[in-house]
Amino acid sequence: MRISQLFYQTLKEVPREAQIPSHQLMFRAGMIQQLASGIYNYLPLAQKSLQKIEKIIREELEKKGCQEVLLPTVQPAELWEKSGRWGYYGPELLRLKDRKNGDFCLGPTHEEVITDMVSKVLKSYKQLPWNLFQIQGKFRDEVRPRFGLMRGREFIMKDGYSFDVDEEASKKNYWKMYEAYTAIFKRCGLSFRAVDAATGNIGGDMSHEFQVLAKSGEDLILSCDSCDYAANAEKAVTPREASPAITEGLKKAEDVHTPACKTIEEIAAFLKRPEEDFIKSIIYMIDEEPVLVLIRGDLDINESKLQTLCGANGVFLADDAVVLEVSGAGTGFAGPTGLKKKVKIIADYSVTGRANMVSGANKDDYHKVNVNYGRDFEADILGDLSFAHAGQGCPKCEGKLEEYRGIEVGQVFYLGTKYSVPMECNYLDKDGKSHPAVMGCYGIGVGRTMASAIEQHHDDDGMIWPAAIAPFEAVVLPLQMNKEEVVEAGEKIYADLKAAGVDIALDDREERAGFKFKDADLIGYPLQIVIGARSLEAGEVELKIRKTGEKKNIPLKDVNSFVSEYLTAEKSVE
RNA sequence: CGGGAUAUAGCCUAGUGGCUAAGGCGCCUGCUUUGGGAGCAGGAAAUCGCAGGUUCGAGUCCUGCUAUCCCGACCA
């Protein structure tokens, strides 16, 4: 590619909107343009890098026997009603109507469409397994799009879905995808960790996230300092269990007047007791049923764990009317004893094993002291509902957890039959008996992968692309465009490298040397091949390695072999 | 969805209620220069986010709206 013809621009100044390095640099290098909040145009430099990432994805998935399909962006509501997600997916699902007033949505993910598609073909166990994927634009109407390509509303995603006869076969597929993802992100030159993850809206009971380690990451991940345990903070297990009920030293429960004390902090100060002595009681709507959730006062309820613990589709805070109906009081005074309306109680382990605690009295301006688990109340479900944190013990060994920021670039889920049952995606076994297919699903944020590569590899001058996903592998910089021999040498090296299969750019613009250097550093070509009048006289060119800043003079005849060898070494995984 | 902020040329910014809205980057023309975003001269480019209002007079003050960004909540 001749840079004089490339559709792009570079900027010295950063637009005010761009806040993190990948966004600023991609904008400055003319890779992306914002069209609306969370919606971007991808210019040629970005598209080239995206295509390289996509190619790596395709190669690694095809190695594992996956087949590529392409599914529509616009999907009929009917399918989502069938899976049950039309009702609870929420406003993130962009819904629209066609001219006949029919309901549609823009696909945020494709479980419904693919399961429906497969159900029309699947008949016999002999056809399975299948593992299908696509690379396609997704739309999620995020509440708060952020950080350029990191959290867009429209974004490019590779999504894949596996179909198997049973759990064992499906989990085998799951681990194959785990391997493929590991290979993909390694080839993209990323430093990452696979961590245990929550399953959220997609569902299923086993999941790993592939997290790129970066300061600007939105996710908090916890990882053991001595074993291989690593998990998203919302998923990480808290090493705590139910304690046996305490039977001695229990005092009589009684109501105390606690005017205007709604938060644990206020009431703890008012009663002069530590927050650990309190039982935080919050009423949630879990799949449209009010539920009282309890946790020790110094901890917070982890809604992700709550959803998983009750196997629910959705977990939301109850509104004031429901709180009044259930507890008979305004918010801030609910507690497990003396509820106005009997509801299910779900409690964290932390409310057991502690005597004479304090909770709301289900009466405005009153709390109840000396409340004891086992004597005054019991939970219908008892489990781990708290957030894990750095410094706590590892749930698997004697080590301690450390925290990192991460960018989630991929996630794999074992889904089971969550979609195949409602979507009637069934096959007949060899006895002629019908079974739902067992599914897994696997996503990679392609644009996010590109952005996180920049987050991990950049300096004050610009991007430093891993060779495998760089928009161009190298650039030829003829410095004196008024000197014929310089221009000619540039043209020749450019042509030779191109013929050798190097993805090469030639900066043939009538610009000064400094200008070209600055642009080249910003765009982050892994190699710069500098052709200057002086070194050319000695029959040499100067090679700059962007990653290290190292410069070498190389005889003209060795340029091809040096560049090819360097790039091959850089792109190899080990 | 709660809190905060911003909106002036393609980008970054200045602009005390008062004359023709200013500068830098970028762009165009010419000359000069050619190893780290050169210099000089000239030029094009603005419905000051939109709609109302106050005022003799509004980029500037007020109200409403819209868009964008940040923090939080939320989030395969």
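So that the names make sense, note that chain A is the first sequence line, chain B the second, and so on, each numbered from 1.
Among residues two or more places apart in sequence or in another chain, the side chain to side chain donor-acceptor pair (under 3.5 Å) test is passed with Lys492(A) by Asp496(A). With sequence neighbours excluded, the residues forming a side-chain contact (heavy atoms from CB on, under 4.5 Å) with Phe155(A) are Lys138(A), Arg140(A), Met157(A), listed by chain and number. The side chain to side chain donor-acceptor pair (under 3.5 Å) check on Trp130(A) picks up nothing, with sequence neighbours excluded. Residues passing the side chain to side chain donor-acceptor pair (under 3.5 Å) test with Arg546(A) are Asp459(A), sequence neighbours excluded. In terms of the salt bridge (Lys or Arg N to Asp or Glu O under 4.0 Å) criterion, Glu266(A) has no residue partners (sequence neighbours excluded). Annotation: side chain to side chain donor-acceptor pair (under 3.5 Å) contacts of Asp519(A) (sequence neighbours excluded): Tyr8(A), Thr10(A), Arg509(A).
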Identify all pairs in which a protein N or O lies below 3.5 Å from an N or O of nucleotides 67-70 of chain B, and state each distance.
unit_1  : atom_1 : unit_2   : atom_2 : d
rU68(B) : OP1    : Ser37(A) : N      : 2.8
rU68(B) : O2'    : Glu17(A) : OE2    : 3.3
rC69(B) : OP1    : Gln34(A) : NE2    : 3.0
rC69(B) : OP2    : Ser37(A) : OG     : 2.9

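Ring centers of Tyr442(A) and Tyr178(A): at least 6.0 Å apart, outside the cut-off.
To the nearest whole angstrom, the two P atoms, one in rG42(B) and one in rU55(B), are 45 Å apart. Using C1' as the reference atom, rA7(B) and rU13(B) are 13 Å apart when rounded to the nearest Å. On the P atoms, rG26(B) is 12 Å away from rC40(B), given to the nearest whole Å. Atom C1' of rC1(B) sits at a distance of 35 Å from the matching atom of rU47(B), rounded to the whole Å. Comparing rA46(B) with rU8(B), their P atoms are spaced 15 Å from each other, to the whole Å. rU68(B) and rC11(B): their C1' atoms are spaced 16 Å apart (whole Å). rA14(B) sits 28 Å from rG52(B) when the P atoms are compared, rounded to a whole Å. Taking atom C1' on both rA9(B) and rG59(B), the two are 14 Å apart, rounded to the nearest angstrom.
For RNA chain B, no neighbouring residue in residues 73-84 of chain A is found when judged by any heavy atom under 4.0 Å.
In this structure rA7(B) sits in a base pair with rU66(B), meeting the Watson-Crick or G-U test at under 3.5 Å. Under the Watson-Crick or G-U wobble criterion, with both distances below 3.5 Å, rA58(B) is left unpaired in every strand shown. In this structure, rC40(B) and rG30(B) make a Watson-Crick or G-U wobble pair, each of the two defining distances being under 3.5 angstrom. Pair assignment for rU47(B): none, as no Watson-Crick or G-U wobble contacts are both less than 3.5 Å. Pairing partner, rC1(B): rG72(B), with both Watson-Crick or wobble hydrogen-bond distances short of 3.5 Å. Base pairing of rU20(B) is not made with any nucleotide, judged by Watson-Crick or G-U wobble geometry with both donor-acceptor distances under 3.5 Å.
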Distance-only check: which donor-acceptor pairs under 3.5 Å involve side-chain atoms of residues 30-47 of chain A, not counting sequence neighbours?
unit_1   : atom_1 : unit_2   : atom_2 : d
Gln33(A) : OE1    : Asn41(A) : ND2    : 3.2
Gln34(A) : NE2    : Ala36(A) : O      : 3.3

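When only modelled atom types and interatomic distance are considered, Glu540(A) and Ser535(A) share no side-chain donor-acceptor pair under 3.5 Å. Side chain to side chain, Gln75(A) and His110(A) meet the donor-acceptor criterion of an N or O pair below 3.5 Å.
Among residue pairs with one or both ends in residues 67-80 of chain A, those qualifying as salt bridge (charged side-chain N to carboxylate O under 4.0 Å, His left out) are Arg58(A)-Glu68(A); sequence neighbours excluded. For residues 143-157 of chain A, the set of pairs meeting the side chain to side chain donor-acceptor pair (under 3.5 Å) definition, not counting sequence neighbours, comprises Asp141(A)-Arg153(A), Glu142(A)-Arg151(A), Arg146(A)-Glu218(A), Arg151(A)-Glu218(A).
The separation between Glu234(A) atom CD and rA73(B) atom P is 12 Å, rounded to whole Å. Nucleotide rC75(B) holds its C1' atom 17 Å from the NZ atom of Lys235(A), rounded to whole Å. Here the P atom of nucleotide rC74(B) and the CG atom of Asn232(A) are 13 Å apart, to the nearest Å. Regarding Leu25(A), its CG atom lies at a distance of 19 Å from the P atom of rC11(B), rounded to whole Å. The separation between Leu306(A) atom CG and rC75(B) atom P is 11 Å, rounded to whole Å. When rounded to the nearest whole Å, the span between NZ of Lys305(A) and P of rC74(B) equals 15 Å. In this structure, Ile301(A) atom CD1 and rA73(B) atom P are separated by 15 Å, rounded to whole Å. For the pair Phe413(A) CZ and rC75(B) P, the interatomic distance rounds to 13 Å; values are reported in whole Å.
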When you check every protein heavy atom under 4.0 Å of nucleotides 24-39 of chain B, what one-letter string (B, S, -) results, 5' to 3'?
BSS------BBBBBB-
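For the salt bridge (charged side-chain N to carboxylate O under 4.0 Å, His left out) test with Glu112(A), the passing option among Lys82(A), Lys418(A), Arg85(A) is Arg85(A); the others fail.
For the pair Phe27(A) and Ile444(A), both in contact range of RNA chain B, the more 5′-proximal nearest nucleotide belongs to Phe27(A).
As judged by a 4.0 angstrom heavy-atom cut-off over every strand, Glu303(A) is placed among residues touching the sugar-phosphate backbone only.
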